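A short worksheet on the structure shown next.
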Amino acid sequence: MTSFDITRLADILRDASRKETLPRFRRLDRGQVRAKSEAIDLVTEADEAAERQIKADVAAAWPEALFVGEESVAAEPALLDRLDDADFAIVVDPVDGTANFAAGLPLYATMAAVVRRGETIAGIIYDPMGDDWVVAEKGGGAWLRRPDGDATRLGVARALALSQMVGHISITFMPSEGKAELLANLARVRVAANYRVAGHDYRTLASGHCHFVAYNKLMPWDHLGGTLIAEEAGGFARRFDGSRYLPQHRTGGLIVTTDPDTWSLLRREVFTV
């Protein structure tokens, strides 16, 4: 079995992010930002440079690993299908929240998940602005770690009534035929926000500062690591049909909450589409 060191992977993400994203933050020329599939699907020179470095460092540390990066898949879509059968894979989003990064908003992340035979076994979300990681290994809890070695165990918030819940929801890829109904239903919660960066959604949930996050489109680099982190912090994650979210899932929606009862309440009262 492949030996895996989460600290080494966390350092790889930090090194690439600090080298390739921070020097470019608020310094991108127009020619260094372009659209991929549509106008809101952006990639920058920083995304590509950071992924190149992470890929090279991962290959040096774990040459047997399948590397699945967001920009690598954009260049070679068939790579994504190889994740389903991989013995050992490392899934990376070099700049989660590219739209924020390109707009000069200091809210983005560098993320990774480790998958072994169809099961997510580790997740890392690095915040370049705060210079810290939220990390989890399956069965080991969720932790906020800093470069000086300080570590704080994380836990989700206590459950609240629907009218008092704070949630982060990405409505962009929700089914168009039910979007108006969903937006109306969200009036039942206290706050429904969208940071346009899944990494910080999951960090906020795992650290006890919101009660749910929800998405429809399930790209692995956006959700595998964050979902594990939330679960290791005591949270509960299921797709819209109530099934577990696994690395092979790309659709089916996802609601991650503080506990099973909150999930059921939200599915019944808010996510009715």
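Residues take their numbers from the sequence shown, with the count starting at 1. All heavy atoms count here, side chains included; hydrogens, waters and symmetry mates do not. Note that the coordinates shown come from a computational prediction; the quantities given were computed from them, not determined experimentally.
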* Asked: Is the CZ atom of R27 crowded by more than 12 outside heavy atoms at less than 6.0 Å?
  ->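 Count not over threshold, so no.
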
Pairwise distance [atom1]([X]) to [atom2]([Y]) - rounded to 0.5 angstrom:
X    : Y    : atom1 : atom2 : answer
D15  : D57  : CG    : CG    : 7.0 Å
I124 : I12  : CD1   : CD1   : 8.5 Å
I54  : K19  : CD1   : NZ    : 11.5 Å
H200 : M111 : NE2   : CE    : 9.5 Å
E231 : L205 : CD    : CG    : 10.5 Å
L66  : L79  : CG    : CG    : 5.5 Å

So, for [X] and [Y], which heavy atoms are closest and what is the spacing to 0.1 Å?
X    : Y    : value
W133 : P147 : CZ3-N, 3.6 Å
L218 : G253 : CD1-O, 3.6 Å
L42  : A99  : CD1-CA, 4.1 Å
L228 : G123 : CD2-N, 3.8 Å
A109 : I125 : CB-CG2, 3.9 Å
A113 : L224 : CB-CB, 3.7 Å

For [Y], does its backbone N or O pair with a side-chain atom of [X] as donor and acceptor, under 3.5 Å?
X    : Y    : result
R116 : V114 : no
R26  : P23  : no
D29  : G31  : no
D132 : R146 : no
N100 : L107 : yes
Q164 : V189 : no
D47  : T44  : yes
R239 : T251 : yes
T262 : T258 : no

Restricting to side chain to side chain donor-acceptor pair (under 3.5 Å), what partner residues turn up for [X], sequence neighbours left out?
X    : value
E71  : K36
Y126 : R18, D131
E20  : R24

Please say yes or no: joined through hydrophobic side-chain contacts below 4.5 Å, possibly via intermediate residues, are [X] and [Y] part of one cluster?
X    : Y    : result
L183 : F240 : yes
V270 : F212 : yes
F88  : V73  : no
I6   : V115 : no
V156 : L154 : no

* Residue pair T98 / Y108, side-chain donor-acceptor N/O under 3.5 Å ->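 Side-chain D/A pair, T98 to Y108: absent.
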
* To do: Please determine, by modelled atom types, if T110 and D93 share a side-chain donor-acceptor pair under 3.5 angstrom.
  =>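 Looking only at side-chain atoms, D93 and T110 do not form any donor-acceptor pair under 3.5 Å.
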
* To do: Please list, chain by chain and in numerical order, all residues satisfying ring pair (Phe, Tyr, Trp, His ring centres under 6.0 Å) with H211, sequence neighbours excluded.
  =>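 Ring pair (Phe, Tyr, Trp, His ring centres under 6.0 Å) check on H211 returns nothing, list empty.
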
* Asked: Got a sec, which residues hit ring pair (Phe, Tyr, Trp, His ring centres under 6.0 Å) with F271, two or more places apart in sequence or on another chain?
  ->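 With sequence neighbours excluded, F271 shows a ring pair (Phe, Tyr, Trp, His ring centres under 6.0 Å) to no residue whatsoever.
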
* For V256 and L254, what are the C-alpha separation, side-chain angles and deciding distance, and is it a side-chain contact (heavy atoms from CB on, under 4.5 Å)? -> CA-CA 7 Å; V256 189; L254 180 65; 3.8 Å; yes

* Asked: Would you call E119-K138 a salt bridge at under 4.0 Å N-O?
  ->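 Yes, E119 and K138 are salt-bridged.
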
* Run the salt-bridge test on R34 and E45 with the 4.0 Å N-O cut-off and return the result as yes or no. =>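 So R34 does not pair with E45 through a salt bridge.
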
pair [X]-[Y]: side-chain heavy atoms closer than 4.5 Å:
X    : Y    : value
I229 : Y202 : no
L144 : S207 : no
F67  : V92  : yes
Y195 : T204 : yes
V213 : I169 : no
L182 : K179 : no
L22  : S17  : no
F25  : M129 : yes

* To do: Run the numbers on T257 and I255 for side-chain contact (heavy atoms from CB on, under 4.5 Å), then give the verdict.
  => CA-CA 6 Å; T257 69; I255 308 170; 3.6 Å; yes

* **salt bridge (charged side-chain N to carboxylate O under 4.0 Å, His left out) assessment of R196 paired with D201** => CA-CA 9 Å; R196 299 187 73 188; D201 293 340; over 6 Å; no

* To do: Step by step, work out the side-chain contact (heavy atoms from CB on, under 4.5 Å) result for D96 and W221.
  => CA-CA 9 Å; D96 180 50; W221 43 80; over 6 Å; no

* Just grab all the salt bridge (charged side-chain N to carboxylate O under 4.0 Å, His left out) pairs involving residues 258-270, residues at least two apart or on different chains. =>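 Non-adjacent pairs meeting salt bridge (charged side-chain N to carboxylate O under 4.0 Å, His left out): R188-E269.
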
* To do: Would you please classify the geometry between the Y245 ring and the H223 ring as parallel, tilted or perpendicular, with 30° and 60° separating the classes?
  =>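 Geometry flag for Y245 against H223: perpendicular rings.
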
* Asked: Parallel, tilted or perpendicular: which describes the rings of W62 and F4, with under 30° parallel and over 60° perpendicular?
  ->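 W62 vs F4 ring planes: tilted.
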
* Determine, using ring centers only, whether F173 and Y215 are less than 6.0 Å apart. =>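 No - the distance between ring centres of Y215 and F173 does not fall below the 6.0 Å cut-off.
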
* Please lay out, stage by stage, how L83 and V91 fare under the test side-chain contact (heavy atoms from CB on, under 4.5 Å). => CA-CA 9 Å; L83 176 63; V91 182; 3.9 Å; yes

